[in-house]
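Single-structure report; data block below.
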2 protein chains.
Amino acid sequence: MQPDKKTTYQDVRDEVLRRIQGRIWDQGSLLPTEQDLSEEFGCARATVNRALRELAERGIIDRKRKSGTRVAIAPVKQARLEISVTRQQIEEMNASYRYRLVSREIVPAPGWLAAQMGLPAQAQVLHLICMHYADNRPFQHENRWINIDAVPDIAEADFSDTGPNEWLLARVPFSDAEITLSSVAAEAEIASFLGAKEGTPLFLMERSTWFQEQPVTFVRLHFHQGYRMRTRY
Amino acid sequence: MQPDKKTTYQDVRDEVLRRIQGRIWDQGSLLPTEQDLSEEFGCARATVNRALRELAERGIIDRKRKSGTRVAIAPVKQARLEISVTRQQIEEMNASYRYRLVSREIVPAPGWLAAQMGLPAQAQVLHLICMHYADNRPFQHENRWINIDAVPDIAEADFSDTGPNEWLLARVPFSDAEITLSSVAAEAEIASFLGAKEGTPLFLMERSTWFQEQPVTFVRLHFHQGYRMRTRY
DNA sequence: TAGTGGTCTAGACCACCTG
DNA sequence: AGGTGGTCTAGACCACTAC
């Protein structure tokens, strides 16, 4: 073995993880202090801190000032769902993407939508219905409402070529969103768009989006029958 | 305004985010170097680095050595799903939790399972079916297979009182998992357990788990009708 | 080859929390 | 009151990569 260069935070992080997985440090038990670990590993305390901070972000350990660092007991695991634009999602499957605008109208926000988005009464919204196809098979039915006050430019966009999701992302990036996933029976109209029978179980994603506290859009995405969403942690 | 103490990495992070959201730095544009920013903010480069690193982890900016830091263009947003033990999930709803073991048997792994988990042919697995109730209403149907070779102690556990998820978490913590979410029609048996009609759309979570490259368990969780999974980003 | 981000160090001070 | 993690600093060297 050659004389090691330096101890990296990855080294520390991986070794600590190894000891936790190997039950050298059991669940709930107290780890040595950063000071002690930095001496053991022959590195600066900042390096240990960086390593332990990453493990804490992953939920592997719990840290508290004064009381120290403990191995987490009933970890709430975090799975990361990657949410990308539908076109990109389809192209990553090596399928050809096709988009179609079904309808476009400006209406006063219905009551349930105003409540859902936190809109003032009588706010005007743009209501869009679109379809996304992968290799010419129905992939996703998009039912979207956009708060016109939040996106004035919206009147100029006709969405005949580009979906509203891509359009919005280019203009209102990095917003906050709340997502709900569920399983629903296909209504007759949506079923026909997706080439499924009425009542077929469909995967539904609903998303509300805000930009700087202002409600921007609410969208209901019905995926084709048999769609599966995957992730790791 | 008082003489500010020090610039924190949060200050830098929030100000950079503000400039991105305010289109001062537009999508795809190049940010100043860490050196420049540290001078502007009057702090150390390490502080700027920490701030930009967090934004990069969130997908807000892209960083490359030599070429610099750019505002991300079509960000793949990451939503974090919190996955906790069913009991905990129910108790957080302020509902009473009840668990019931439906069946328990040791069998050779069926072909589809061996393929799914990457098990050797003829591996022995423990097959469990359990129910979880919230306020005595069916909440989740659990159909689980456990690789006996990976968890030898399993023979001693009868799971009449505690669900296998909690039992496993206490013994095989911090494993890797792959999750699939989908929408399925309730089969007759599962429907009856969940108090729903056959064919009802149900939210299904399937999860494969490994510990140090070794397959541990595969579980199929059917949630009650109308279940919704929520997250933010 | 030179510029940029990635990381480590050694020391310091602070904030929070438990005893 | 004191111990522990949280953070900042100033400087240094390294790794990657566009030029």
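Below, all heavy atoms of this structure are taken into account, side chains as well, without hydrogens, waters or symmetry copies. Residue numbering restarts at 1 for every chain, and letters A, B, ... go by the order of the sequence lines.
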Quick one: is Thr69(A) getting a side-chain N or O under 4.0 Å of the dG5(D) phosphate, OP1 or OP2? yes
Report the distance from atom CZ of Arg70(A) to atom P of dG5(D), rounded to the nearest whole Å. 11 Å
Regarding Arg19(B) and Glu40(B), does a basic nitrogen lie under 4.0 Å from an acidic carboxylate oxygen? yes
How about Phe139(B) and Tyr133(B): are their ring centres within less than 6.0 Å of each other? no
How close or far is atom P of dG6(C) from atom CG of Leu37(B), stated in whole angstroms? 13 Å
Integer-rounded Å distance: dG2(D) P and Gln35(A) CD: 18 Å
Please enumerate all residues that pass side chain to side chain donor-acceptor pair (under 3.5 Å) together with Ser38(A), with sequence neighbours excluded. none
How many Å lie between CD on Glu57(B) and P on dG5(C), as a whole number? 16 Å
On DNA chain D, does the nearest nucleotide to Arg53(A) precede the nearest nucleotide to Gly68(A) from the 5' side, or the other way round? Give the residue. Gly68(A)
Gap between atoms CG and P, on Leu30(A) and dG3(D) respectively (whole Å): 15 Å
Check side chain to side chain donor-acceptor pair (under 3.5 Å) between Asn136(B) and all other residues, then give those that pass, not counting sequence neighbours. Arg98(B)
Would one find a side-chain N or O of Asn49(B) under 4.0 angstrom from OP1 or OP2 of dG5(C)? no
Return a table of donor-acceptor pairs under 3.5 angstrom between the side chains of residues 43-51 of chain B and protein atoms on other chains or two or more places apart.
residue, atom, partner, partner atom, Å
Arg45(B), NH1, Glu34(B), OE1, 2.5
Asn49(B), ND2, Glu34(B), OE2, 2.8
Arg50(B), NH2, Tyr9(B), OH, 3.2

The complete set of salt bridge (charged side-chain N to carboxylate O under 4.0 Å, His left out) pairs with one or both residues in residues 135-149 of chain A, sequence neighbours excluded, reads Glu142(A)-Arg144(A)
Assign a letter to each nucleotide of nucleotides 8-13 of chain D from its 5' end: B, base within under 4.0 Å of a protein heavy atom; S, sugar-phosphate only; -, no contact. SB--B-
Which residues share a ring pair (Phe, Tyr, Trp, His ring centres under 6.0 Å) with Tyr99(B), sequence neighbours left out: His132(B)
Could you check how far CG of Asp36(B) sits from P of dT4(C), rounded to whole Å? 8 Å
Identify each atom pair where a protein N or O and an N or O of nucleotides 17-19 of chain D are less than 3.5 Å apart, giving names and distance.
none

Grab the CD1-C1' distance between Ile61(A) and dG5(D) for me, whole Å please. 11 Å
Salt bridge (charged side-chain N to carboxylate O under 4.0 Å, His left out) pairs touching residues 168-178 of chain B, sequence neighbours excluded, are Arg232(A)-Glu178(B)
dT7(C) P sits how many Å from Leu52(B) CG, rounded? 13 Å
May I ask you to evaluate whether Arg63(A) reaches the phosphate of dG6(D), defined as a side-chain N or O under 4.0 Å from OP1 or OP2? yes
Output all residues satisfying side chain to side chain donor-acceptor pair (under 3.5 Å) with Arg207(A), sequence neighbours left out; order by chain, then residue number. none
